[in-house]
Amino acid sequence: QVQLVESGGGLVQAGGSLRLSCAASEWIFSSYAVGWFRQVPGQERKFVAVLIRSGETTYYADYADSVKGRFTISRDNAKNTVYLQMNSLKPEDTAVYYCAVKARSGSYFHSTLYDYWGQGTQVTVSS
């Protein structure tokens, strides 16, 4: 079973940047999707960004409309780690951020379809 550990969260001022990391216990990039979700208390866990495997070594990225142009998802194969670079942060980005892995193909927008989850890292953006 895949173990995922997020790190890099913290407190940042609006307009600032953070880079989140998700370290996996084993190779994850043969999976269909590796993504990031976020959750605010009282709300559902929402899609943020994802890497979708389109070939043996090729992935394409997709993002929620609310973060397009500001967030970038990437990976480091050697470290078996996925990153979320967050720039131009806004107070509405404040949430607990989770990384997740979806083993098989299908819809990648819904958190309930993912197989493995980290425990989350808090991101707080002050205004």
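Scope of the values below: all heavy atoms of this structure, side chains included, with no hydrogens, waters or symmetry mates.
In this structure, Ser31 contributes its side chain and Ala103 its backbone to no donor-acceptor pair below 3.5 Å. For the pair Lys79 (side chain) and Thr81 (backbone), a donor-acceptor distance under 3.5 Å is absent. Without hydrogens or angle criteria, Glu6 side chain to Gln119 main chain gives a donor-acceptor distance under 3.5 Å. Between the side chain of Thr94 and the main chain of Thr124, no donor-acceptor pair closer than 3.5 Å is present. In this structure, Tyr114 contributes its side chain and Tyr108 its backbone to a donor-acceptor pair below 3.5 Å.
Going from atom CG of Leu4 over to atom OH of Tyr116 covers 9.5 Å, rounded to the nearest 0.5 Å. One finds the OG1 atom of Thr58 at 10.0 Å from the CZ atom of Arg53 (value rounded to the nearest 0.5 Å). Atom OG of Ser107 is separated from atom NZ of Lys102 by 7.0 Å, given to the nearest 0.5 angstrom. Separation of atoms CG (Asp76) and SG (Cys22) is listed at 12.5 Å; rounding is to 0.5 Å. The distance from the CZ atom of Phe47 to the CG atom of Leu113 is 12.0 Å, given to the nearest 0.5 Å. In this structure, the separation between SG on Cys99 and CH2 on Trp36 is 5.0 Å, given to the nearest 0.5 Å.
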Salt bridge (Lys or Arg N to Asp or Glu O under 4.0 Å) between Asp93 and Lys90, worked out
CA-CA 5 Å; Asp93 295 318; Lys90 304 175 181 180; over 6 Å; no
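For the pair Leu89 and Phe71, the minimum side-chain heavy-atom distance is below 4.5 Å. Annotation: side chain of Thr57 is not in contact with side chain of Phe29 (no heavy-atom distance under 4.5 Å). Residues Tyr63 and Thr72 meet the side-chain proximity criterion, which asks for heavy atoms closer than 4.5 Å. Under the 4.5 Å side-chain criterion, counting only non-hydrogen atoms from C-beta, Tyr83 is not in contact with Ile73. Met86 is listed as a side-chain neighbour of Leu84, based on a closest heavy-atom distance under 4.5 Å.
Figure legend: cation-pi geometry between Arg45 and Phe37 absent, as NZ or CZ is not positioned both under 6.0 Å from the six-membered ring centre and within 45° of its axis.
Not counting sequence neighbours, Arg75 has no partner by the salt bridge (Lys or Arg N to Asp or Glu O under 4.0 Å) test.
Side-chain polar atoms of Arg38 and Tyr97 form a donor-acceptor pair below 3.5 angstrom.
Residues Val96 and Val50 share a single hydrophobic cluster, defined by chaining ILVMFWY side chains whose heavy atoms lie under 4.5 Å apart.
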